[in-house]
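One structure is given below, encoded as structure tokens.
Chain letters run A, B, ... following the sequence lines, proteins first, then strands; residues in each count from 1. None of these values were measured; they are calculated from a predicted model. Atoms considered below: every heavy atom in the structure, side chains included; atoms not considered: hydrogens, waters and symmetry mates.
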Amino acid sequence: MKKFVNDPRQFVPEMLEGIALANPDTLTYVPEYNLIMRSDAPREDKVSIVQGSGSGHEPAHVMIVGRGMLDAACPGDVFAAPPMDYVYETAKRVASPKGVLLLVNNYTGDRMAFDMGREMAEADGIDVRILTINDDVAVKDSLYTIGRRGVAGNFFVIKAVGAASEQGADLDELVRLGQKVNDVTRTMGVALTACTPPAKGSPLFELGEDEMEFGVGIHGEPGRERRPLVPADQIVDDLLEAVVTDLPYSSGDRVALMINGLGGTPISELYVLFRRAHRQLAERGITVGRSYVGEYCTSLDMAGASLTLVRLDDEIERLLQAPAEVAIRVF
Amino acid sequence: MKKFVNDPRQFVPEMLEGIALANPDTLTYVPEYNLIMRSDAPREDKVSIVQGSGSGHEPAHVMIVGRGMLDAACPGDVFAAPPMDYVYETAKRVASPKGVLLLVNNYTGDRMAFDMGREMAEADGIDVRILTINDDVAVKDSLYTIGRRGVAGNFFVIKAVGAASEQGADLDELVRLGQKVNDVTRTMGVALTACTPPAKGSPLFELGEDEMEFGVGIHGEPGRERRPLVPADQIVDDLLEAVVTDLPYSSGDRVALMINGLGGTPISELYVLFRRAHRQLAERGITVGRSYVGEYCTSLDMAGASLTLVRLDDEIERLLQAPAEVAIRVF
Amino acid sequence: MSGSMQNVELVVRTIARCAVDNEVYFGELDAVVGDGDFGYSLARGFEKVLDEWDGIDRTDAGTFLKRVGMIISSRIGGTSGPIWGTAFLRAGATAGATQGVSGERVVAMLRSAAEGIKARGQSDVGDKTLLDALVPLTDRLEQELTSGADAAAALAAAATTAREAAEATSRLVARRGRASYTGERSRGSVDAGAMALAVIIEQISSQWQAWQTEGVS
Amino acid sequence: MSGSMQNVELVVRTIARCAVDNEVYFGELDAVVGDGDFGYSLARGFEKVLDEWDGIDRTDAGTFLKRVGMIISSRIGGTSGPIWGTAFLRAGATAGATQGVSGERVVAMLRSAAEGIKARGQSDVGDKTLLDALVPLTDRLEQELTSGADAAAALAAAATTAREAAEATSRLVARRGRASYTGERSRGSVDAGAMALAVIIEQISSQWQAWQTEGVS
Ligand SMILES: Nc1ncnc2c1ncn2[C@@H]1O[C@H](COP(=O)(O)OP(=O)(O)O)[C@@H](O)[C@H]1O
Ligand SMILES: Nc1ncnc2c1ncn2[C@@H]1O[C@H](COP(=O)(O)OP(=O)(O)O)[C@@H](O)[C@H]1O
Ligand SMILES: [Mg+2]
Ligand SMILES: [Mg+2]
Ligand SMILES: [Mg+2]
Ligand SMILES: [Mg+2]
């Protein structure tokens, strides 16, 4: 296992401690519950926004806590939803008179933990709502699953409700906005390699030198199908076809385009993908109004990428443009 | 080769085109010379700051062109310094009445190209200065090399002179500042895997499952020595010892601490390293005043990291704090 | 099937040890079409149970099992925390304020646990989950006990059934859990949760003999 | 050594083709302790030379070589662009405004090229660079020509020397270029630039025979 790791069981706590040490003025860390929260949360005048999920998707979600985005994140172990206690304790700690919005990626474990956590918090008199995110078009047959997964498109929901909550929106309004963004967001991903969870120490699956996993999930779980590896442009065309036709996005639409790296792919390659996607969208008469290239939601060290589109309107675009300040930063 | 790539020869141009498409309002791309420049450069009232180097180190330097950092970047092919013509043409295009500052990482090829390019630009009457960056403590015996290499610490020089140039500093002042930052900056890196240049298609060297390359360069060239892989904390302690004792940094110092990913290492692991470095610096009585965790200067898809320290004073800290706006961005 | 409090404790302890000992194996099972964290999650949760073992409230079997369920669901994340936590909570509720549990009661407890899992997981037999081992093994246990088998024999039979049922899950397509995203490709490998249950019941069955021999009634 | 303009062109063309054909091999040589881009850089530069071949100013040998040097240093990056560009520029300057170059002149041109490389690279013989093949092969060429050998024989001898010298670089520790950072570890593998030069001179030597036989004097 070629990783920077000490005791694998301490991987998540050590990472969280690192985040806290790097942001002493803005973030508070509560080790008992894997909780990273804004030091100034909860605020009387603002709904608190919380997201939890398994770890291993960094910067999601522990590194996007901050002004204009999350008030708190409570991750579980690598790829495991947080225990319900973490959710409950987090909700208590960020409980604002305006309420708490729990953002949940649509996976069985996450939904159960957040549901149980919400029930417990409500019993304490906290006003809590849950918003489920499910942007992954790779999941075809939702009759036989719990439904589509929440993947990188999650970023846009967080950004939008984060911005609106700073502007004073109430819980109903935030649920409406988050739902609206989720409804116009679609994602599809591809993996070139499997990822290696620290506690497992070996890759989750084997991919041949000439293979890729199309429609992969962000937990290292295999995807829609295994395909021969093709050139970058062809991969983009295939991802785009799946995503564009799903909503569908049509000629005349203005979109946000995200090329998200899955953890082991350098940003140079992501821009090669972005170039093609931008050109092909233009061919389809779709205008890229906002561009996102980098790592937003990863699968540990997996080489791969996902492509997300969000159909923009003035309301959404204004929220995406709003300032924010989080732990992943350049300067 | 598990990469998103089309024709490997088009890798760099396609990446650059992607950057241009993602930043239509702020950047201009000149394909003939691999040139990415601010659309508003040159400005009469501002020295233009340029950096070139081989490609494969992204976000350095093509993705950090923008307000408060570079005015232009002219990369060569992957790991190859740009031809002198690129440097010359770039200098011409960003020539400001206040002059042009060329930042050069200390490698044979880069120094020759920039030197030749500067001579040609000067012959055209452009006021050009070169500042060489050499923060890599891994190079021990500079009698037998061209000297220490410029690696991730480069970021701090760019940030400082970028900020000062926005505030109107002249060429002499920028050279003084850049030199000053370079003089208090030290870096050391470690690789867990080799990287794969697209044109080569296979890893540059082989590392056993239990080996790491200590003191590695950012061009995939092997490092100081091959060592058995040890836990993350031990790696940090060894890097820190090499870096701290070199300047040396001493008790009472206030520093910027950067943990830089080499391209294939997820940010979660970088925070595990950061945590230990922060704690160990505290043990040594050294205060971390500014924190940088992420990818600043990479080696394609290499799994690995480098640790950089900058000794801060008020002047340097003010420049590092100044706002900037570049292509690698979160929102 | 003798119903002392000690037997309840021994069974729970065996489950916990089994989860801790098989961390790697259970994780590998989950890695085939899942995300590989099942072994880790289960081990961390039951480790906590063992850590807190002496302090767990033993007023009666019901309380004891419910406390175990709470430790599990507060510590285990993923799908398994809520699922296994619910199973222990429900089993505890059905056990009630008694020191010992009869064979009949054990069957009722297992049925409650299965119902709890179904409700919590919106899942049923045939979805390729641990239910596909739990329900058949409960049926077999009931059948053996009804036809007069002693606890040891009934447990041995249930263990055989559990293993067969767990292995048979490889013929199913997953309709719940992480594995369901791969659709048809989930066929051909066993469900991690079902196989874990088989390993656990086998372990209980073989330990049972030892407990009886050692006189730990 | 006959000195027609045609021979100059044939030699340059052979160098260019050789660089393009050996892209992978030269890259692999550079990967051992360098960064693996040498083959790529050289191939892209000489590809450009071949692309622009017909349009290159052929007024005289000096102009021709200098133009080639300019194409190279405008297109090749890395260390090799300036190094090889300088070599051609210097050789061209020494060739001067002549249509043909004598054997003696060729030796002088190679000496100028080596001096140019030394100046540009702040390097010398023994630093484990292409100079460690270039200088010995020039010495041998001079020696053979002085003792009356014909061009073919002198080239063949120089090629043998170049190969030996290139192979001998594996005993050296790199003191310049990317390989120097690895210190002692650079011992044991040949220098990419030196070996490339050996391959090139071997190619010229073997082609030379063909050119003469085909009457391309
Ligand atoms: N909806 C469900 N209902 C019942 N059991 C389930 C359900 N989903 C998954 N399981 C069981 O849980 C096991 C996986 O547990 P775990 O790895 O913790 O879940 P995940 O990583 O998918 O969150 C599966 O092998 C299966 O037996
Ligand atoms: N300072 C120098 N002087 C002369 N030749 C050099 C020098 N440095 C490197 N070389 C030659 O160049 C070759 C490497 O070229 P190239 O791969 O383009 O350089 P790099 O990648 O290090 O910039 C070496 O094998 C060596 O023969
Ligand atoms: Mg999981
Ligand atoms: Mg190079
Ligand atoms: Mg799992
Ligand atoms: Mg090289």
Q: Measure distances from B:Thr298 to the heavy atoms of chain A and classify the residue's part below 4.5 Å as side chain, backbone, both or neither.
A: neither
Q: Between chain B and each of A:Val293, A:Leu300, A:Thr193, count heavy-atom pairs under 4.5 Å; write down the option with the most.
A: A:Leu300
Q. Where does B:Met258 contact chain A at under 4.5 Å (heavy atoms): side chain, backbone, both or neither?
A. neither
Q) Side chain, backbone, both or neither: which part of B:Ile328 has an atom under 4.5 Å from a heavy atom of chain A? A) both
**Q.** Proximity breakdown for B:Phe11 and chain A, heavy-atom pairs closer than 4.5 Å
**A.** both
Q. Does A:Lys2 use its side chain to pair, donor to acceptor, with the backbone of B:Ala191 at less than 3.5 Å?
A. no
(Q) Please classify the contact between B:Leu207 and chain A as side chain, backbone, both or neither, with a heavy-atom cut-off of under 4.5 Å. (A) both
Q | Test item: B:Phe4 and A:Val272 side chains (from C-beta on) under 4.5 Å apart, heavy atoms | A | no
Q: Would you mind checking which part of B:Leu229 comes under 4.5 Å of any heavy atom in chain A, side chain (CB onward), backbone (N, CA, C, O), both or neither?
A: side chain
Q. So, does A:Glu269 use its side chain to make a donor-acceptor pair with the main chain of B:Val5 at under 3.5 Å?
A. no
Q. Within the side chain of B:Asn6, is there an N or O that forms a donor-acceptor pair under 3.5 Å with the backbone of A:Ala232?
A. yes
Q | Crowding at CD, B:Gln10 (>12 non-hydrogen neighbours, <6.0 Å) | A | yes
Q | Structural part of B:Leu273 lying under 4.5 Å from a heavy atom of chain A | A | side chain
Q) Does atom CD of A:Glu325 have more than 12 heavy-atom neighbours, drawn from other residues, nucleotides or ligands, at distances under 6.0 Å? A) no
Q) What part of B:Ala277 gets closer than 4.5 Å to chain A, counting heavy atoms only: side chain, backbone, both or neither? A) neither
Q. Quick one: are A:Arg275 and B:Pro13 in side-chain contact, heavy atoms under 4.5 Å?
A. no
Q. Do B:Lys3 and A:Pro231 have side chains that get closer than 4.5 Å, going by heavy atoms?
A. no
Q.
If you define the side chain from C-beta out and look only at heavy atoms, does anything of A:Asp301 sit under 4.5 Å from B:Thr265?
A. no
Q. Can B:Glu14 and A:Arg276 be said to form a salt bridge (charged side-chain N to carboxylate O under 4.0 Å, His left out), step by step?
A. CA-CA 9 Å; B:Glu14 287 179 357; A:Arg276 177 69 172 191; over 6 Å; no
Q. Non-hydrogen atoms of chain B under 4.5 Å away: do they reach the side chain of A:Met63, the backbone, both or neither?
A. side chain
